[in-house]
Enquirer: 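Quick one: this structure, given as structure tokens, is what I'll be asking you about.
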Amino acid sequence: MARKTKQARVTLYQAAVVQAAVELLDSEGPGALSLSRLAGQLGIRTPSLYNHVDGLPGLLHHLALRNAEELAACMGAAAMGKAGGEAMLAVAHAYRGYIKQHPGLYMASLRASGAQAAPNPELAAAEGRVVQIFLAVLAGFGLAGSDALHAVRGLRSAVHGFASLEVAGGFGLPLACDESFRRLLAMLLAGLEAEAQVAAAAA
């Protein structure tokens with residue numbers, strides 16, 4: 001019983017460490033994250049963090065996992081009960097909204113995923129759920145196989161690029177970003193509908 005209690009306490013503290021890191025990232029950006037800075041924010045000594053995370057690489061893994069899980073949950077909730085163009089628009093808006101809500105966590109997680117020496121099954125599964133949501137949406141356009149995967153890359157790149165520029169302050173002209181995003185999605189939707197017609201004609 002004591003062992004289970006100790007493990008639960010460690011897990012609880014680990015969650016608090018990850019949450020503090022998320023708040024630091026989202027308020028100040030990926031460059032602000034360091035173990036010493038995080039320890040100071042938590043009011044503990046830096047070596048104490050190693051009781052809860054396996055150094056900075058371990059912390060980045062937990063952050064990437066949380067990012068993938070929360071992004072998938074956000075997109076999945078947006079797509080619920082929708083299909084075709086309605087689902088595509090809902091998922092794209094959810095994706096952009098998530099990046100705007102967690103800009104630091106999102107960008108740090110992308111770097112952490114790309115820097116891994118070897119694939120991590122747990123993280124790969126969580127990131128795979130994001131792709132599966134996109135694929136489920138694109139199935140409504142009759143796209144499957146490599147056609148669907150190419151479309152996922154295009155759609156994901158477009159939303160990622162727009163939202164990343166937006167949170168970085170890259171759109172300096174006095175034009176509403178919401179309207180620009182609406183027009184971007186309209187172009188993407190038209191492209192997907194054209195792809196669907198091509199796929200249907202080839203079937």
Side-chain angles (χ1 to χ4, degrees), residues 22 25-26 30 61-114 116 119-168 170-171 175-203:
V22 170
L25 284 167
D26 285 341
H61 166 72
H62 287 294
L63 289 168
L65 182 61
R66 173 162 170 173
N67 176 73
E69 291 175 341
E70 293 193 354
L71 177 56
C74 179
M75 292 168 56
M80 191 71 66
K82 302 179 182 68
E86 184 183 15
M88 175 269 193
L89 294 174
V91 166
H93 280 292
Y95 198 163
R96 176 195 178 205
Y98 178 85
I99 295 174
K100 292 177 67 176
Q101 183 180 1
H102 295 294
L105 172 62
Y106 178 79
M107 294 307 299
S109 297
L110 287 182
R111 296 175 188 176
S113 297
Q116 286 196 45
N120 179 278
E122 187 180 23
L123 179 57
E127 292 177 336
R129 286 193 285 275
V130 173
V131 176
Q132 289 302 318
I133 292 170
F134 274 120
L135 289 174
V137 168
L138 293 172
F141 292 88
L143 298 176
S146 61
D147 289 335
L149 290 172
H150 286 305
V152 168
R153 285 181 174 179
L155 179 56
R156 191 174 185 180
S157 297
V159 178
H160 160 81
F162 187 98
S164 296
L165 281 169
E166 186 177 11
V167 298
F171 296 134
L175 290 170
C177 285
D178 286 349
E179 176 60 16
S180 296
F181 192 64
R182 184 195 68 78
R183 295 188 182 201
L184 172 64
L185 294 186
M187 289 187 286
L188 291 171
L189 182 56
L192 288 173
E193 290 172 341
E195 286 288 323
Q197 291 178 358
V198 171

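Small disclaimer: the values here were computed from a predicted structure and weren't measured.
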Enquirer: Just grab all the side-chain hydrogen bond (donor to acceptor under 3.5 Å, both in side chains) pairs involving residues 63-73, residues at least two apart or on different chains.
Expert: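 Listed by first then second residue: Gln19-Arg66, Arg66-Glu70, Asn67-Tyr98.
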
Enquirer: Does Glu86 have any side-chain contact (heavy atoms from CB on, under 4.5 Å) partners at least two apart in sequence or in another chain, and if so, which?
Expert: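 side-chain contact (heavy atoms from CB on, under 4.5 Å) check on Glu86 returns Lys82.
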
Enquirer: So which heavy atom on Leu25 is nearest to which on Leu105, and how close?
Expert: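 The answer is CB-N, 3.8 Å.
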
Enquirer: Determine whether Val137 and Met75 make a side-chain contact, defined as any pair of heavy atoms from C-beta on separated by less than 4.5 Å.
Expert: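 No, their side chains stay 4.5 Å or more apart.
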
Enquirer: First locate atom CG of Asn120, then atom CD of Glu127, and finally report the distance between them rounded to the nearest 0.5 Å.
Expert: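 If I round to the nearest 0.5 Å, the distance is 9.0 Å.
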
Enquirer: Taking side-chain hydrogen bond (donor to acceptor under 3.5 Å, both in side chains) as the cut-off, I'd like each qualifying pair that reaches into residues 179-192, sequence neighbours left out, listed once.
Expert: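 As it turns out, the side-chain hydrogen bond (donor to acceptor under 3.5 Å, both in side chains) pairs with a partner in residues 179-192, which skip direct neighbours, are Glu179-Arg182, Glu179-Arg183.
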
Enquirer: Please name the pair of heavy atoms, one in His61 and one in Leu123, separated by the smallest distance, quoted to 0.1 Å.
Expert: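 Looks like CE1-CB, 4.2 Å.
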
Enquirer: What closest approach, in Å, do Val159 and Ile99 show between heavy atoms, and which atom pair accounts for it?
Expert: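 Looking at all heavy atoms of both residues, the shortest contact is O-CD1, 4.5 Å.
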
Enquirer: Arg153: what forms a side-chain contact (heavy atoms from CB on, under 4.5 Å) with it, not counting sequence neighbours?
Expert: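 If we apply the side-chain contact (heavy atoms from CB on, under 4.5 Å) test to Arg153, skipping adjacent residues, there are no hits.
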
Enquirer: Give me the atom names and distance for the closest heavy-atom approach of Ala68 to Ala126.
Expert: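 In this case the closest contact between Ala68 and Ala126 is CB-CB, 3.7 Å.
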
Enquirer: Do you know the tightest heavy-atom contact between Gly104 and Pro30?
Expert: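 Closest approach of Gly104 to Pro30: O-CG, 3.9 Å.
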
Enquirer: How far does CZ of Phe134 sit from CG of Leu155, to the nearest 0.5 angstrom?
Expert: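 Result: 5.0 Å between the selected atoms.
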
Enquirer: Restricting to non-hydrogen atoms, name the atom on Ala148 and the atom on Leu138 that form the minimum distance, rounded to 0.1 Å.
Expert: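 Here Ala148 and Leu138 meet closest at O-CD1, 3.5 Å.
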
Enquirer: I want to check something: taking the side chain as every heavy atom from C-beta on, are Arg96 and Glu166 in contact at a cut-off of under 4.5 Å?
Expert: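 The answer is yes; the side chains approach within 4.5 Å.
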
Enquirer: Output all residues satisfying side-chain contact (heavy atoms from CB on, under 4.5 Å) with Ser164, sequence neighbours left out; order by chain, then residue number.
Expert: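 Ser164 satisfies side-chain contact (heavy atoms from CB on, under 4.5 Å) with Tyr106, Met107, His160 only.
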
Enquirer: For side-chain contact (heavy atoms from CB on, under 4.5 Å), just list the numbers for Met88 and Leu188, CA-CA rounded to whole Å, side-chain angles, deciding distance to a tenth of an Å, and then say yes or no.
Expert: CA-CA 9 Å; Met88 175 269 193; Leu188 291 171; 3.6 Å; yes

Enquirer: Using the side-chain contact (heavy atoms from CB on, under 4.5 Å) criterion, which residues pair with Asp147? Sequence neighbours excluded.
Expert: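 Only Leu143 meet the side-chain contact (heavy atoms from CB on, under 4.5 Å) criterion with Asp147.
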
Enquirer: Would you please classify the geometry between the Phe181 ring and the His93 ring as parallel, tilted or perpendicular, with 30° and 60° separating the classes?
Expert: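 Because their plane-to-plane angle is over 60°, the rings of His93 and Phe181 count as perpendicular.
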
